There are 2 protein chains.
Amino acid sequence: MTTSSLESLGPFRKLSEDGRQLLRRGAMLVQCGPPAPILQPGQNISGAYFVVRGRLRVYAIAPDGTEATLYFINPGETCVFALNSLFNDLRYPAWVQAESDTSVALIPGPVFRELFQKEPSIQDVTVRALSTLVFRLMEELEEVHAYKLDQRLANLLLIHASAAGELPMTQQQMAAHLGTTREVVARLMRDFVARGYVETGRGVTRIKDAEGLAGLIATP
Amino acid sequence: MTTSSLESLGPFRKLSEDGRQLLRRGAMLVQCGPPAPILQPGQNISGAYFVVRGRLRVYAIAPDGTEATLYFINPGETCVFALNSLFNDLRYPAWVQAESDTSVALIPGPVFRELFQKEPSIQDVTVRALSTLVFRLMEELEEVHAYKLDQRLANLLLIHASAAGELPMTQQQMAAHLGTTREVVARLMRDFVARGYVETGRGVTRIKDAEGLAGLIATP
DNA sequence: ACTGCTGTGTAGCTTTTGGTACAGACCGAC
DNA sequence: GTCGGTCTGTACCAAAAGCTACACAGCAGT
């Protein structure tokens with residue numbers, strides 16, 4: 001954990017001087033790396049989290065140990081634990097992990113509360129963040145029961161691939177995102193490869209035929 | 001649609017005179033019945049919805065036509081469409097239906113916006129509602145991938161049963177809630193009946209052994 | 001080069017779930 | 001009562017997904 005300047009706070013640069021002063025007074029910039037979880041179910045949340053750099057992954061762990069990604073938090077977005085713990089007494093039910101080297105701005109609860117009351121723009125950001133998350137979760141929930149695994153995998157590939165069509169992710173990770181096992185992912189991948197949609201490598205998947213994948217999603 | 005007194009607004013009774021005056025000026029009390037959907041994906045939302053009486057069901061429809069319940073809105077709770085449409089430009093992705101005769105207080109967007117800015121208590125209610133919904137959706141998402149259908153059905157029975165252990169719901173409805181088909185529900189029910197957990201009737205299920213059902217959820 | 005770790009490819013087998021098809025039971029309207 | 005609709009029960013088959021087990025490939029460290 002490192003406390004440093006807040007110059008890189010992204011969306012927060014637009015705040016008024018008043019807001020920024022509060023931030024300067026109390027906020028911390030926290031650095032985190034991939035392996036260890038940052039937050040665990042039931043853990044106490046000390047403030048509002050804003051992702052500055054990198055990406056956080058919010059996931060659940062089933063009783064049998066398999067993981068499934070609920071959603072991601074990208075730079076400029078808020079973590080909703082904060083909001084859950086600041087405005088509600090619900091225990092937070094998921095795990096959080098940094099995907100890569102990630103910087104998170106941690107704004108202490110009292111400071112954020114004050115900000116929220118004073119600054120309409122903060123109210124707006126907050127409600128918008130929550131609202132967006134609700135939307136994402138609904139989409140995810142809909143996807144889970146409306147689409148089969150091959151379609152969801154195709155979707156994952158298309159969404160997370162770089163512009164060059166490369167996806168730096170192990171099959172184990174993909175399985176975790178989809179809430180399934182590596183073997184199933186491998187099986188589906190073999191199919192995709194056979195159809196010429198993708199090429200697989202160690203830790204990388206290259207998309208060769210995005211149209212094909214997209215078509216798979218449209219009509220099974 | 002009927003416009004009438006707002007005396008029964010539940011949580012809103014606690015608002016300041018200022019807030020209630022605004023409500024008196026612009027809000028409507030809308031009555032709706034079970035069969036027809038109230039809202040459809042992409043529909044324009046004209047304000048904030050508060051459920052006063054009855055219950056709303058928010059659900060998704062898959063391309064193949066099967067439904068799945070996302071969550072319910074009970075009396076005293078807010079519908080988040082409103083918030084999505086008032087604070088965000090995201091298209092709403094689900095369907096809404098009244099479960100029984102239901103009264104909904106509809107507060108026009110501009111009125112609610114003004115309320116939100118002036119009244120900290122409204123801010124609180126709003127954020128809390130969103131926050132709770134996020135929590136519920138996460139739980140649901142976790143449940144979907146962590147538990148099997150029999151466990152989820154058992155859970156449904158336990159949660160929705162009356163104090164007397166009666167559940168006035170057809171198997172078709174249960175299937176819709178779980179995102180599966182009636183036949184599967186019937187099959188699972190047969191199992192539950194065989195084990196003495198429940199008794200089935202036309203449109204009703206009676207729980208005989210709640211412990212048994214609960215045990216089913218704990219360890220399959 | 002050797003070793004060990006991690007990641008991938010594959011082959012069965014089992015369980016779970018979905019789909020089809022049909023029979024019968026209950027209920028209300030006429 | 002009888003008709004028609006809705007709800008339930010069930011049998012059988014197909015598809016999807018999970019589980020186990022193992023072989024091998026790439027990569028890093030020694």
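Just so it is clear, the model here is predicted, and its values are computed rather than measured. Heavy-atom basis, side chains included; hydrogens, waters and symmetry copies ignored. Numbered from 1 within each chain, the chains take letters A, B, ... in sequence-line order.
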Grab the CZ-P distance between B/R187 and C/dT20 for me, whole Å please.
14 Å
At what distance, to the nearest 0.5 angstrom, does CG of B/L133 lie from CG of B/L137?
4.5 Å
What are the 5'-most and 3'-most nucleotides of DNA chain D lying under 4.0 Å from any heavy atom of chain B?
D/dG5 to D/dA11
In whole angstroms, how far is the P atom of C/dG7 from the CD atom of A/Q173?
8 Å
Starting at the 5' end of DNA chain D and moving along, which residue's nearest nucleotide shows up first, A/Y147 or A/E183?
A/Y147
Measure the distance from CE on A/M174 to P on C/dG7 and round it to the nearest whole Å.
12 Å
B/M189, B/E166, B/E199 screened by side-chain contact (heavy atoms from CB on, under 4.5 Å) with B/T205, the one that passes:
B/M189
Pick the closest DNA chain D nucleotide for A/L149 and for B/T170 by heavy atoms, then say which residue is nearer the 5' end.
B/T170
If you define the side chain from C-beta out and look only at heavy atoms, does anything of A/L156 sit under 4.5 Å from A/R152?
no
Separation of A/I207 CD1 from A/L213 CG (nearest 0.5 Å)
5.5 Å
What integer distance in Å separates B/R152:CZ from C/dT17:C1'?
12 Å
Which heavy atom in A/Y59 sits nearest to a heavy atom in A/A94, and how many Å separate them?
O-CB, 3.5 Å
cation_pi(B/R195, B/F192) dist<6.0 Å, angle<=45:
no
Can you say whether a donor on the side chain of A/R182 sits under 3.5 Å from an acceptor on the base of C/dG9, or the other way round?
yes
When you check the phosphate oxygens OP1 and OP2 of C/dT17, does a side-chain N or O of B/T181 lie under 4.0 Å from one of them?
no
A/Y71 and A/H177 aromatic centres sub-6.0 Å
no
Using atom CD of B/Q171 as one end and atom C1' of C/dC26 as the other, report the distance to the nearest whole Å.
14 Å
Show your reasoning for whether side-chain contact (heavy atoms from CB on, under 4.5 Å) applies to B/I159 and B/N155.
CA-CA 6 Å; B/I159 286 184; B/N155 193 40; 3.7 Å; yes
From A/L157 CG over to A/M174 CE, what is the distance, rounded to the nearest 0.5 angstrom?
5.5 Å
Would B/E67 and B/R57 pass as an ion pair if we require N to O under 4.0 Å?
yes
Scan residues 153-162 of chain A against DNA chain D and write down, sorted by residue number, each residue with any heavy atom closer than 4.0 Å; if none is found, say none.
none
With a 4.0 Å heavy-atom cut-off, tell me which residues in residues 188-208 of chain B come close to DNA chain C, sorted by residue number.
B/R202
Around B/F72, counting heavy atoms of other residues, nucleotides and ligands shown, do more than 12 lie under 6.0 Å from its CZ?
yes
